[in-house]
Amino acid sequence: MNSFLQLSRRAFLGVTLLAAAAALPAVAAEPMKLTPEQQSAVNAISDYLNSFKTLQGEFTQISPKGNMSQGIFYIAKPGKMRFEYAPPNPFLIISDGTWLTIKNVKKEKGDQFPLSQTPLRLVLGDKVDIANETDIIDFQDQDGMTTVTVEDKKNTLGSGQLTLVYDQARKVLQQWIVTDGKGRKTTVSLENLQAGIEPDPKLFVVKIKRDSKNGP
């Protein structure tokens with residue numbers, strides 16, 4: 001869904017925040033001790049993420065500066081994902097299960113990061129267990145929405161945080177919010193979700209001209 005490595009492209013800050021962790025100095029928040037009811041609500045989010053192997057739909061992303069981008073996404077677990085942005089946003093995010101690639105389609109250039117070192121591994125894993133894989137630092141339950149803010153125990157969020165918003169009635173993940181170590185927020189809202197549709201494997205294959213040496 002951070003404290004992420006910043007690409008040189010400021011216009012693409014929102015996507016970068018979703019992609020890879022960086023070392024920004026910050027003091028980690030104190031984990032909460034959940035009540036049995038809160039624990040059950042958190043487990044419901046994990047159960048949802050474990051309820052599908054494939055998922056596709058539409059997304060709307062709001063960057064820290066308030067810029068809005070839209071597009072479509074595909075997920076095939078474990079580890080595969082494609083976020084395809086509508087013009088004029090020229091970027092494409094693809095995970096092949098091992099590497100997460102951020103590509104500028106117009107320039108055919110991009111960067112790669114190990115998926116295991118990004119917070120996306122928290123939702124693309126074959127088995128998701130939020131309660132055990134993260135430190136839960138905030139929990140809200142109101143108006144039929146469960147909102148959980150976490151820090152990754154493996155530190156793939158760096159000094160940042162990931163907030164998951166779960167619709168209890170529809171039993172779907174409605175939104176995630178990534179907050180980096182400087183407090184900048186990127187919000188991604190999901191809609192028109194369809195599970196169980198097998199995507200074309202070619203959707204998770206990408207070639208780039210690398211701008212950096214992060215990739216293989």
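Given the structure is predicted, the values throughout are model-derived calculations rather than measurements. Count residues from 1 along the sequence.
- For the 3.5 Å distance criterion, the side chains of E108 and N104 fail to qualify, holding no donor opposite an acceptor.
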Apply side chain to side chain contact (heavy atoms under 4.5 Å, CB included) to residues I177 and Q161 and explain how you reach the verdict. CA-CA 8 Å; I177 303 165; Q161 299 169 351; over 6 Å; no
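- Under a 4.0 Å N-O distance rule, the pair D111/K103 does not qualify as a salt bridge.
- The side-chain heavy atoms of T60 and E191, taken from C-beta on, include a pair separated by under 4.5 Å.
- Annotation for G125 and V128: closest pair O-CG2, 3.9 Å, computed over non-hydrogen atoms.
- Between R82 and L92, some side-chain heavy-atom pair lies under the 4.5 Å cut-off.
- Hydrophobic clustering keeps V178 apart from V165 (ILVMFWY residues linked when any side-chain heavy atoms are closer than 4.5 Å, directly or through intermediates).
- The closest side-chain donor-acceptor pair between Q175 and S189 falls under 3.5 angstrom.
- Taking the side chain as every heavy atom from C-beta outward, I93 and L100 approach each other to under 4.5 Å.
- Between T179 atom OG1 and L162 atom CG the span is 8.5 Å, to the nearest 0.5 Å.
- The two residues K106 and P88 make their nearest non-hydrogen contact at NZ-O, 4.3 Å.
- The structure places CD of Q194 at 9.0 Å from CD of E58, a figure rounded to the nearest 0.5 Å.
- Annotation: side chain of T147 is in contact with side chain of T163 (closest heavy-atom distance under 4.5 Å).
- A distance of 10.0 Å separates OH of Y48 from CG of D167, quoted to the nearest 0.5 Å.
- In terms of heavy atoms, F139 sits closest to V148 at CD1-CG2, 3.8 Å.
- Minimum interatomic distance between L190 and L193 (heavy atoms only, all atoms of both residues): CB-CD2, 3.9 Å.
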Full working for side chain to side chain contact (heavy atoms under 4.5 Å, CB included) between W99 and L115: CA-CA 5 Å; W99 292 94; L115 177 64; over 6 Å; no
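- Considering only heavy atoms from C-beta on, L173 comes within 4.5 Å of L49 through its side chain.
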With side chain to side chain contact (heavy atoms under 4.5 Å, CB included) as the test, would you mind laying out the steps for L164 and I130 before giving the verdict? CA-CA 10 Å; L164 303 173; I130 295 171; 3.6 Å; yes
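- Considering only heavy atoms from C-beta on, F113 stays 4.5 Å or farther from T101 through its side chain.
- Within the 6.0 Å centre-distance limit, the rings of F83 and F73 are counted as a close aromatic pair.
- With rounding to the nearest 0.5 Å, the separation of CD in E84 from CZ in F59 is 8.5 Å.
- A side-chain donor-acceptor contact under 3.5 Å links T54 to the backbone of I197.
- Here S46 contributes atom OG and D129 contributes atom CG; the two are 5.5 Å apart, rounded to the nearest 0.5 Å.
- In summary, the side chains of S69 and N89 do present a donor paired with an acceptor at a separation below 3.5 Å, with no hydrogens or angles considered.
- Side-chain atoms of Q168 and T146 include a donor-acceptor pair closer than 3.5 Å.
- With hydrogens and angles ignored, the 3.5 Å screen pairs a side-chain donor or acceptor of Q38 with a backbone N or O of T35.
- Looking only at atom types and distance, the side chain of S95 has no donor-acceptor partner in the side chain of K80 under 3.5 Å away.
- Between the CD1 atom in I102 and the NZ atom in K109 there is a gap of 16.0 Å [rounded to 0.5 Å].
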Please report the C-alpha distance between K171 and D47 in whole Å, then the side-chain angles of each, then the deciding distance to 0.1 Å, and finally whether the salt bridge (charged side-chain N to carboxylate O under 4.0 Å, His left out) criterion is met. CA-CA 10 Å; K171 298 186 183 304; D47 290 344; over 6 Å; no
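- Annotation: side chain of T134 is in contact with side chain of L122 (closest heavy-atom distance under 4.5 Å).
- Closest non-hydrogen pair, L203 versus I94, comes out as O-CD1, 3.5 Å.
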Before giving the answer on side chain to side chain contact (heavy atoms under 4.5 Å, CB included), spell out for V150 and I137 the whole-Å C-alpha distance, their side-chain angles and the decisive distance to 0.1 Å. CA-CA 6 Å; V150 305; I137 60 173; over 6 Å; no
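- Taking the side chain as every heavy atom from C-beta outward, D138 and I136 never approach each other to under 4.5 Å.
- Cation-pi check for K77 over F52 is met; the charged atom lies under 6.0 angstrom from the ring centroid and within 45 degrees of its normal.
- Nearest approach of Q61 to Y85, heavy atoms of both residues: OE1-OH, 2.7 Å.
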